[in-house]
Amino acid sequence: MIVKDISFTLKDGRKALLRCGREEDIPGLLEYLLRSAGETEFILRYPEECGKYTAEKELEYIEGCNTADNHVMLVCIVEGKVAGNCEILWTGNIKTRHRASVAIALLKEYWNQGIGTKMFETLIRIAEETPQLLQLELEFIEGNTRARALYEKMGFRITGVKPDAIRLRDGTLLNEYSMIRKIAR
């Protein structure tokens with residue numbers, strides 16, 4: 001699904017653009033996927049697992065998102081670089097089409113600039129403009145207090161926990177929390 005480009009200003013005064021992915025974004029997206037995987041333990045992949053991401057697969061993914069009627073993937077561009085991305089996806093199944101999954105990720109150098117808030121405002125607007133959607137759903141990993149604070153600020157609340165759902169390289173087990181935000185209708 002294609003959505004209109006959104007230009008905004010970061011807290012530090014730089015200009016940013018939130019828009020659907022394009023073929024020209026692929027090199028930046030591949031770099032972003034690799035870098036983000038190494039910057040925090042709260043991404044569900046390690047850098048060495050990023051080999052599965054290729055230019056061909058990214059192009060296929062972007063094209064699939066842009067032509068789908070139930071999937072939006074937005075890329076945040078700052079000074080010509082991919083700073084992060086966000087997604088919203090829902091199914092067409094009768095029993096579950098009222099639910100959408102959302103996710104965001106940002107490179108560390110862009111944290112605390114208002115990008116995450118702008119991404120969530122946009123994802124929420126998309127959900128509000130999609131009549132069948134009644135709730136947004138996401139997961140976060142234990143210890144990710146920054147993400148949790150953003151999600152709660154955006155109206156999400158914890159609804160469940162998967163104990164020991166994440167196992168780090170050193171053997172540490174972390175819980176994964178589920179959150180939901182209702183869409184007012």
Side-chain angles (χ1 to χ4, degrees), residues 1-47 49-50 52-55 57-68 70-90 100-130 133 136-141 144-156 179 181 183:
M1 178 182 294
I2 299 289
V3 298
K4 186 178 173 185
D5 293 0
I6 300 167
S7 297
F8 62 103
T9 302
L10 303 184
K11 291 178 182 177
D12 66 8
R14 289 180 290 173
K15 302 297 181 194
L17 179 65
L18 191 59
R19 62 165 169 74
C20 292
R22 300 178 185 163
E23 186 172 1
E24 67 200 52
D25 299 325
I26 292 172
L29 280 167
L30 292 172
E31 179 185 341
Y32 150 77
L33 289 166
L34 181 64
R35 279 186 57 202
S36 63
E39 290 184 336
T40 175
E41 294 286 2
F42 304 122
I43 301 272
L44 292 179
R45 65 186 175 278
Y46 283 112
E49 296 174 298
C50 292
K52 65 183 176 184
Y53 301 113
T54 65
K57 288 182 181 178
E58 282 303 296
L59 178 59
E60 184 179 317
Y61 192 75
I62 288 169
E63 289 174 344
C65 293
N66 290 346
T67 57
N70 66 331
H71 194 177
V72 177
M73 190 268 286
L74 300 172
V75 178
C76 182
I77 307 292
V78 179
E79 297 177 331
K81 295 181 182 177
V82 174
N85 78 329
C86 63
E87 296 190 47
I88 181 170
L89 170 67
W90 60 96
S101 296
V102 294
I104 72 165
L106 288 171
L107 292 174
K108 196 172 191 175
E109 69 184 275
Y110 299 101
W111 291 359
N112 295 315
Q113 292 298 313
I115 296 172
T117 299
K118 181 60 77 173
M119 287 178 166
F120 266 107
E121 288 170 351
T122 304
L123 296 174
I124 290 166
R125 180 185 51 77
I126 291 166
E128 290 172 343
E129 293 171 357
T130 305
L133 292 181
L136 297 177
E137 302 175 3
L138 60 79
E139 289 80 35
F140 76 94
I141 298 172
N144 195 351
T145 56
R146 298 172 45 75
R148 179 180 178 172
L150 172 62
Y151 304 155
E152 288 175 343
K153 176 177 105 171
M154 301 310 298
F156 286 82
M179 298 184 91
R181 182 193 192 280
I183 301 298

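Count residues from 1 along the sequence. Bear in mind the structure is a predicted one, so any value in this text is a computation, not a measurement. Below, all heavy atoms of this structure are taken into account, side chains as well, without hydrogens, waters or symmetry copies.
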Return the [atom1] to [atom2] distance between [X] and [Y], rounded to the nearest 0.5 Å.
X      : Y      : atom1 : atom2 : value
Gln113 : Cys76  : CD    : SG    : 10.5 Å
Lys4   : Thr122 : NZ    : OG1   : 12.0 Å
Phe8   : Thr117 : CZ    : OG1   : 9.5 Å
Leu107 : Asn85  : CG    : CG    : 9.5 Å
Lys118 : Leu123 : NZ    : CG    : 12.0 Å
Leu138 : Ser101 : CG    : OG    : 8.5 Å

Pairwise side-chain contact, [X] with [Y], heavy-atom cut-off 4.5 Å (strictly under):
X      : Y      : answer
Leu30  : Glu58  : yes
Val102 : Ile124 : no
Ile88  : Asn70  : no
Glu79  : Arg14  : yes
Glu41  : Asn144 : no
Tyr53  : Leu29  : no
Met73  : Cys20  : no
Arg146 : Asn112 : yes

Are Glu129 and Arg125 close enough, and set up right, to give a salt bridge (Lys or Arg N to Asp or Glu O under 4.0 Å), and what steps lead you there? CA-CA 6 Å; Glu129 293 171 357; Arg125 180 185 51 77; 3.2 Å; yes

Just checking Glu60: does its CD atom have more than 12 heavy atoms from other residues, nucleotides or ligands closer to it than 6.0 angstrom?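 Open.
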
If you count every heavy atom of other residues, nucleotides or ligands that lies below 6.0 Å from Glu23 atom CD, does the total exceed 12?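 Count not over threshold, so no.
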
Does any donor atom in the side chain of Ser7 or Lys15 lie under 3.5 Å from an acceptor atom in the other side chain?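 No pair is found: no donor N or O on one side chain lies under 3.5 Å from an acceptor on the other.
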
State, without any angle test, whether Lys108 and Thr40 hold a side-chain donor-acceptor pair at a distance under 3.5 Å.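 Per modelled atom types, Lys108 and Thr40 side chains form no pair under 3.5 Å.
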
What's the shortest heavy-atom distance between [X] and [Y], and which atoms?
X      : Y      : answer
Ala16  : Val78  : CB-CG2, 3.9 Å
Leu136 : Ala127 : CD2-CB, 3.7 Å
Ile104 : Gly116 : CD1-CA, 3.9 Å

Ring pair (Phe, Tyr, Trp, His ring centres under 6.0 Å) partners of residues 108-128, not counting sequence neighbours, each pair once: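 Checked against ring pair (Phe, Tyr, Trp, His ring centres under 6.0 Å) - neighbours excluded - the pairs reaching residues 108-128 are Phe120-Tyr151, Phe120-Phe156.
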
Stepwise, does the side-chain contact (heavy atoms from CB on, under 4.5 Å) test hold for Val75 with Leu18? CA-CA 6 Å; Val75 178; Leu18 191 59; over 6 Å; no

Ile141/Ile43 under side-chain contact (heavy atoms from CB on, under 4.5 Å): CA gap, chis, key distance, verdict: CA-CA 9 Å; Ile141 298 172; Ile43 301 272; over 6 Å; no

Side chain [X], main chain [Y], donor-acceptor under 3.5 Å:
X     : Y      : value
Ser36 : Leu33  : yes
Tyr32 : Ala105 : yes
Thr54 : Lys57  : yes

May I ask you to decide whether [X] forms a salt bridge with [Y], counting only side-chain N to carboxylate O separations under 4.0 Å?
X     : Y      : answer
Arg19 : Asp25  : yes
Arg35 : Glu109 : yes
Glu39 : Arg45  : no

Steps toward side-chain contact (heavy atoms from CB on, under 4.5 Å) verdict (Glu31, Lys81): CA-CA 10 Å; Glu31 179 185 341; Lys81 295 181 182 177; over 6 Å; no

Would Ile6 and Leu17 satisfy side-chain contact (heavy atoms from CB on, under 4.5 Å), going step by step from the backbone distance to the final call? CA-CA 6 Å; Ile6 300 167; Leu17 179 65; 5.9 Å; no

